[in-house]
Amino acid sequence: MKSQTGQCACEEPGFLNCGIRGILVALPRDNGARYVERCDTCERFESDEAACKEVVCLRGGKLGYDPDGVVVWLPA
């Protein structure tokens, strides 16, 4: 669903906007890892893992998982 500005929710200003359409990235945890999710509104990526791979490709670092198996980005 697009907002009144015509942007997807993932493009709206805020803490989760990482500047890549279709991807939401949380603020860094204590260890520097950042949770990554695909935007469920525009569904540009088929999974959280695919979204994180795109972040790694564009920004560097590596894809990882927290102890519960949730996708995280480990910036370089």
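Worth knowing before you read on, the calculation uses all heavy atoms, side chains too, and leaves out hydrogens, waters and symmetry mates.
For the residue pair Y35 and D66, a side-chain donor N or O sits within less than 3.5 Å of a side-chain acceptor on the partner.
In this structure, E46 does not pair ionically with R38, as no charged nitrogen and carboxylate oxygen lie closer than 4.0 Å.
Looking at L63 and K53, their side chains come closer than 4.5 Å, going by heavy atoms from C-beta outward.
Residue E12 holds its CD atom at 11.5 Å from CG of L24, rounded to the nearest 0.5 Å.
Annotation for F45 and R21: closest pair CE1-O, 3.6 Å, computed over non-hydrogen atoms. P75 and W73 make their closest contact through CD-O, 3.2 Å (heavy atoms, listed as atom of the first residue, atom of the second, distance). Minimum heavy-atom separation, C42 to C10: SG-SG, 4.0 Å. Nearest heavy-atom pair, E11 versus N17, reported as atom, atom and distance to 0.1 Å: O-ND2, 3.1 Å.
Here the rule is side chain to side chain contact (heavy atoms under 4.5 Å, CB included) with C52, and of V71, V72, L74 only V71 fits it. Partner of I23 under the side chain to side chain contact (heavy atoms under 4.5 Å, CB included) criterion, out of L16, D48, V55: V55 alone.
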